[in-house]
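Any value given below was found using the heavy atoms of this structure, including those in side chains, with hydrogens, waters and symmetry copies removed. Proteins come first, then strands; the chains are lettered A, B, ... in the order of their sequence lines, and each starts at number 1.
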Amino acid sequence: MEYNHKEIERRWQEYWRDNEIYKVTEDPSRKKFYVLDMFPYPSGAGLHVGHPLGYIASDIYARYKRQQGFNVLHPMGYDAYGLPAEQYAIQTGQHPEKTTSENVARYRSQLDKIGFSFDWSREVRTCDPEYYKWTQWTFMKMFGSYYDRALDKAMPIADLERHFAEHGSEGINAACGKELSFTAEEWNALPEKERAERLMNYRIAYLGESMVNWCPGLGTVLANDEVSEGVSVRGGFPVEQKVMKQWCLRVSAYAQRLLDGLDRLEWSDSLKETQRNWIGRSEGAEMRFPVAGQDFSLEIFTTRADTIFGVTFMVLAPESKYVPMLTSPGQKEAVGAYLEEVRHKTERERQIEKKVSGVWTGSYAVNPLTGQEIPVWISDYVLAGYGTGAIMAVPAHDSRDYAFARHFNLPIIPLIEGADVSEESFDAKEGKMINSRGPVLDLNGLEVREAIARTKKFIEEEDLGKVKVNYRLRDAIFSRQRYWGEPFPVYYEDGTAKLLPETSLPLRLPPVASYKPTPDGQPPLGNAENWTTPEGFPLEVCTMPGFAGSSAYYLRYMDPHNSEAFVSREANEYWRDVDLYVGGAEHATGHLIYSRFWNKFLHDIGAVAEDEPFRKLVNQGMIQGRSSFVYRIMNSNTFVSHGLRGDYDTTPIRVDISLVNNDVLDTEAFRGWRPEYADAEFILEDGRYVCGHAVEKMSKSMYNVVNPDDIVERYGADTLRLYEMFLGPVEQSKPWDTNGIDGVNRFLKKLWGLFEKTDLESDTEMSREESKTVNKLIKKVTSDIEQFSFNTSISAFMIAVNELTSQKSTNRRAMETVTRLTAPFAPHIAEEFWHRLGNDGSVADAEWPAVDESALVEDTVKYPVSFNGKTRFTIEVAASADKAEVESLALSNPAAAKWLDGKAPRKVIVVPGRIVNVVI
RNA sequence: GCGCGUGUGGCGUAAUUGGUAGCCGCGCCAGACUUAGGAUCUGGUGACGAGAGUCGUGUAGGUUCGAGUCCUAUCACGCGCACCA
């Protein structure tokens, strides 16, 4: 009988569904293993072959772990809030919920065809009220917490309030927007509204005024990772800078823990490095420069405390709070004009221009080490959001300061021996200090490193400032002026934000007449009727961003139907964390940071057991498209084959890849593709029309999208699964190329043929040869799966099947073992074999075979014999032979004489089981 | 600019982790069965050479009995961050 993938796959997919084969329950008597995929956003375009790559890899691993006896949690769900469904709603008036559930249904049917072992009873959707109830709940907990730096964890805000009432701000070490200082008496005398405002300064979810990426095209603010080169990642609309009152999450409070946690994770070095980069820890000093003629100081942050003797001016960010304090009456007009100019520039324009600009404030600061007066300038190359928004400029040793100094003719003092600063600054942190002797501190002759340490110590001792660590990581903006997202459980009373009672959760997303902003510029929820509390207080009209629902979905899978808690203590203590997480590296600075933050917060408040959510992470590569081209001869309707196109003047034209097989064009189908090609003529090579190709992003407009459904239809899910893995290492990006799929399909047919020859009636021992083949396979496949190297394990299968075929094997036991090994990779065909072999239950529960090492022991060992490193011949030696015997057999071999050339060897190296090398 | 990563046949890749470079697959060549092949099976396939053999893992050095693997320099490509003081 032929291998009929359609019938086999339909039969076993039904069997798995009807018998709930992949449903899992908590079972404390068994060890757990949690395998997770990044859940998809169900877009209207459906799945293309790139999406399942990671899912197939994780499915293989999940099935393997299950066969090893682990209780495996392997769920799937949908990241259902997203801009495309909302844009579609704005255009058509169709509720995004409807669009989303249609897309979900399509995704589900596509996924089902590939034969994944997902437990669909645990499916979550972020837009489901039973799910987003807990997103809102977490927000409430964040609103009700502050970050205690001394305890290094989130604590209830009520503790802080109590402290304020008893001791004022004295002794508080909490993460906050700005440092506040007040006494208990002052606090107790404050009106409630004022107290609420001060508490807001400490909450982990807080309402803050911040500079945001405002996208007028989308009518919402965007996170930094949603903006690229000044335009929105989705839609490509221009983005501008704007100050707005927004909900924010105090992610920055967790910067150090997010950094430290990386060391304990099995993630790729490059991904960890990307996160370290994003967190951007830098150690330096915060120093005070007294302002000449005033009674306050300018605070600056620097990592180069050693360069203090080279400070020739100071620079403030245009948005700095110091600007109004330092602008002299004479410079007021100039400063005002500059600020106006900067305000109208978007971040993009500032970046593109890269033009040096700035203005003098009219004030001077005093260098605390030299007493020298130095001018204070304003320039947009200093960022308000980093450090203190003010710097000490050392043009000799900082390229930005250098450019500024050159432009405005400010002095440049070199501080490092041998540094030539006539053309450019010397930024490297190496060399011996010069010109660095003052009345109270002498750095001359020290190495830069020593000088930094020396200065820091001096600053602390003399109380000129303090040693400080700064992070690049900013707080996450948590408001979106959109409809399709989680509503905030927040209302406003007299302009003060307050939480709804927990019992009102979930706060459901209301219907709206229009998905566009209201005429007066309010977000779409402003269109909702009765969007108030029962008492009539207005509810928040912003919604939460996409990452709100995706930050903790892995926890909900543990206990998806619990209406009392996000996840029960029992379920959480059993499943704990994700053992293997598979997904794209593009989430490195978004989802993977937010999730870790979110989890750490939940850990702090005692809601989850583990501090880090994803123990091991594998980033699958991207599958690119492989576009095909035909070559039309200029001014004709004649197309020339790829290899012959050099003889003509041609234009390449993209052709739909469904008309192309192994780079050969189906010319008839091409004529029928477009009316203008109906009478196309072809110049063939070797009787065929060969297309050219290029690797590009997989997209509709390039006619290179491959739908997995088509592959499944033609070759079957098992072939698709094997082929996606066979393409190369999972982590690597590669173009989709169907040219090799026949080889993989051929392997399955051979496997099928091998099974058909198997003698199902007998139960004899395997021959020595069969046993060797089978055990070699077990060993190789087991170690490959552990290392996530699936392409090599598929090669091993091909070798084994070829060997068994040439051994004319009909042995039932051999086939039975091969079936167990095949199950994670090609579950449908394995299930078919499993049942034909007479087993009950699913092959998914078939025990993973162990290696019989004795089958792999060889009687003899072949040694390549090398002379001075070049292999000359091979000897076969009894496996029991020791080094000396191997050596003497090698040297006494007749072939050795030729290479020894009458000389005695200087040295002979024998590596047992490997090689003999004779040094002459 | 800074950081990370990758360079192996015509192509995708592999190499027991320092021990016979090129496994497996595609493609190609030859053959078998065929009226036919976008089917199946068998054999061959890094380059040069008639051959013995020589060369060969981006390039140039180094360490080693032995290097695709380790070290140094350099080039190319890819990714990430980017006025972060």
Side-chain angles (χ1 to χ4, degrees), chain A residues 224 268-278 280-282 284-285 300-304 307 315 317 347 350-351 354 356 379-383 385-394 397-401 403-404 427 470-474 585-586 588-589 621-622 661-664 666 688 722-723 726-729 731-735 737-744 746-747 749-750 753 779-780 783 789 791-800 802 805-806 862-874 905-920:
Chain A
N224 283 331
S268 73
D269 289 341
S270 74
L271 192 75
K272 285 190 196 177
E273 205 50 42
T274 301
Q275 288 213 342
R276 286 193 189 107
N277 229 309
W278 190 258
R281 179 190 158 101
S282 68
I300 60 97
F301 176 75
T302 182
T303 55
R304 291 296 302 272
T307 60
V315 188
E347 185 141 303
R350 287 195 198 179
Q351 273 177 19
K354 282 219 167 170
V356 178
S379 174
D380 65 0
Y381 83 89
V382 174
L383 305 177
Y386 185 77
T388 61
I391 61 155
M392 62 179 214
V394 185
H397 302 289
D398 182 286
S399 54
R400 297 152 301 181
D401 298 344
F404 194 84
D427 291 17
N470 254 316
Y471 301 90
R472 206 192 67 108
L473 184 72
R474 310 286 169 84
E586 66 272 20
T589 55
M622 288 241 264
N661 189 19
N662 282 359
D663 283 342
V664 177
D666 180 338
R688 304 172 311 175
L722 288 180
Y723 187 59
F726 188 66
L727 230 37
E731 296 89 340
Q732 210 157 70
S733 284
K734 56 226 154 188
D737 175 358
T738 2
N739 284 350
I741 200 166
D742 290 316
V744 167
R746 202 169 291 145
F747 157 72
K749 288 179 182 165
K750 282 184 190 170
K779 193 169 186 174
K780 177 74 176 149
S783 81
S789 173
N791 54 332
T792 54
S793 46
I794 291 165
S795 294
F797 274 111
M798 290 175 172
I799 294 167
N802 284 342
T805 305
S806 66
K862 281 185 182 147
Y863 282 91
V865 181
S866 302
F867 290 81
N868 288 343
K870 289 215 185 318
T871 303
R872 299 303 180 180
F873 59 90
T874 310
R906 275 200 291 159
K907 193 153 102 181
V908 180
I909 292 121
V910 177
V911 183
R914 289 285 159 75
I915 197 168
V916 180
N917 192 16
V918 183
V919 187
I920 305 164

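No donor-acceptor pair closer than 3.5 Å links the side chain of A:Gln275 to the backbone N or O of A:Thr589. Although no hydrogens or angles enter the test, the distance criterion places a donor-acceptor pair under 3.5 Å between the side chain of A:Arg472 and the main chain of A:Trp278. Of the possible donor and acceptor atoms, none in the side chain of A:Asn791 sits under 3.5 Å from a partner among the backbone N and O of A:Leu727.
Counting to the nearest Å, the P atom of B:G3 and the CD atom of A:Glu273 are 10 Å from each other. One interatomic measurement links the two molecules: CG of A:Asp666 to P of B:G38, which rounds to 13 Å at whole-angstrom precision. One can place CG of A:Asp742 at 8 Å from P of B:C26, the figure rounded to the nearest angstrom. Spacing between atom CG of A:Asp427 and atom C1' of B:C83 amounts to 12 Å, rounded to whole angstrom units. Atom CD1 of A:Ile794 is separated from atom C1' of B:G12 by 13 Å (rounded to the nearest Å). Between A:Asp737 atom CG and B:G10 atom P there is a gap of 17 Å when expressed in whole angstrom units. Straight-line distance from the CZ atom of A:Phe873 to the P atom of B:A52: 18 Å, rounded to whole Å. A:Ile920 has its CD1 atom 13 Å from the P atom of B:G66, to the nearest Å.
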Protein N or O to nucleotides 77-81 of chain B N or O, pairs below 3.5 Å:
from	atom 1	to	atom 2	distance (Å)
B:C81	O3'	A:Arg472	NH1	3.3

Each nucleotide N or O in nucleotides 14-22 of chain B that has a protein N or O under 3.5 Å away: list the pair and distance.
from	atom 1	to	atom 2	distance (Å)
B:A14	OP1	A:Asn791	ND2	3.0

Every protein N/O lying under 3.5 Å from an N/O of nucleotides 40-47 of chain B:
none

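Using a 4.0 Å heavy-atom cutoff across all strands shown, A:Arg872 reaches sugar-phosphate atoms only and no base atom. Among the atoms of the strands shown, only primed sugar atoms or phosphate atoms (P, OP1, OP2) are found under 4.0 Å from some heavy atom of A:Ser282. A:Asn802 comes within 4.0 angstrom of the backbone, heavy atoms only, and of no base.
The gap from the P atom of B:C4 to that of B:A21 amounts to 33 Å, rounded to the nearest Å. When the P atom is compared between B:A67 and B:A60, the two are found 15 Å apart, to the nearest whole Å. The same atom, C1', is picked in B:G19 and in B:A73; the two are 27 Å apart, to the nearest Å. B:C55 and B:G38 are spaced 44 Å apart, taking the P atom of each and rounding to whole Å. If you take atom P in B:G56 and the same atom in B:G61, they sit 11 Å apart, rounded to whole Å. Comparing the P positions of B:G44 and B:U8 gives a spacing of 27 Å, expressed to the nearest Å. Separating the P atom of B:G27 from that of B:A39 is a span of 8 Å, rounded to the nearest Å. Remark: the separation of the C1' atoms in B:A36 and B:G7 is 45 Å, to the nearest Å.
A:Ser282 meets the side chain to side chain contact (heavy atoms under 4.5 Å, CB included) test with A:Phe301, A:Thr303, A:Tyr386, A:Asn470; sequence neighbours excluded.
Of the residues in residues 385-392 of chain A, those with a non-hydrogen atom less than 4.0 angstrom from any atom of RNA chain B are A:Tyr386, A:Ile391.
Rounding to the nearest 0.5 angstrom, the gap separating the CZ atom in A:Phe726 from the CD1 atom in A:Ile741 is 11.5 Å. Residue A:Leu473 holds its CG atom at 13.0 Å from CZ of A:Arg281, rounded to the nearest 0.5 Å.
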Secondary-structure string, 5' to 3', Watson-Crick or G-U under 3.5 Å, | for another-strand partners, for RNA chain B: (((((((..(((......[....)))((((((.......))))))(((....)))..(((((..]....))))))))))))....
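Considering only side-chain atoms of A:Asn739, the nucleotide from B:U54, B:C26, B:G25 that sits closest is B:C26.
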Residue pair A:Leu722, A:Phe747: steps toward the side chain to side chain contact (heavy atoms under 4.5 Å, CB included) verdict: CA-CA 10 Å; A:Leu722 288 180; A:Phe747 157 72; 3.8 Å; yes
Working for side chain to side chain contact (heavy atoms under 4.5 Å, CB included), residues A:Asp398 and A:Phe404: CA-CA 10 Å; A:Asp398 182 286; A:Phe404 194 84; over 6 Å; no
Trace of the side chain to side chain contact (heavy atoms under 4.5 Å, CB included) decision for A:Asn868 with A:Val919: CA-CA 5 Å; A:Asn868 288 343; A:Val919 187; 3.7 Å; yes
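For the pair A:Lys734 and B:G12, the criterion of a side-chain N or O lying under 4.0 Å from OP1 or OP2 is not met.
Taking syn as a glycosidic angle within 90° of 0, B:G38 does not qualify and is anti.
Taking a 6.0 Å sphere around NZ of A:Lys779, one finds it holds 12 or fewer heavy atoms contributed by other residues, nucleotides or ligands.
At a cut-off of 3.5 Å, with distance as the only test, no side-chain donor of A:Thr792 or A:Ser795 sits close to an acceptor on the other residue.
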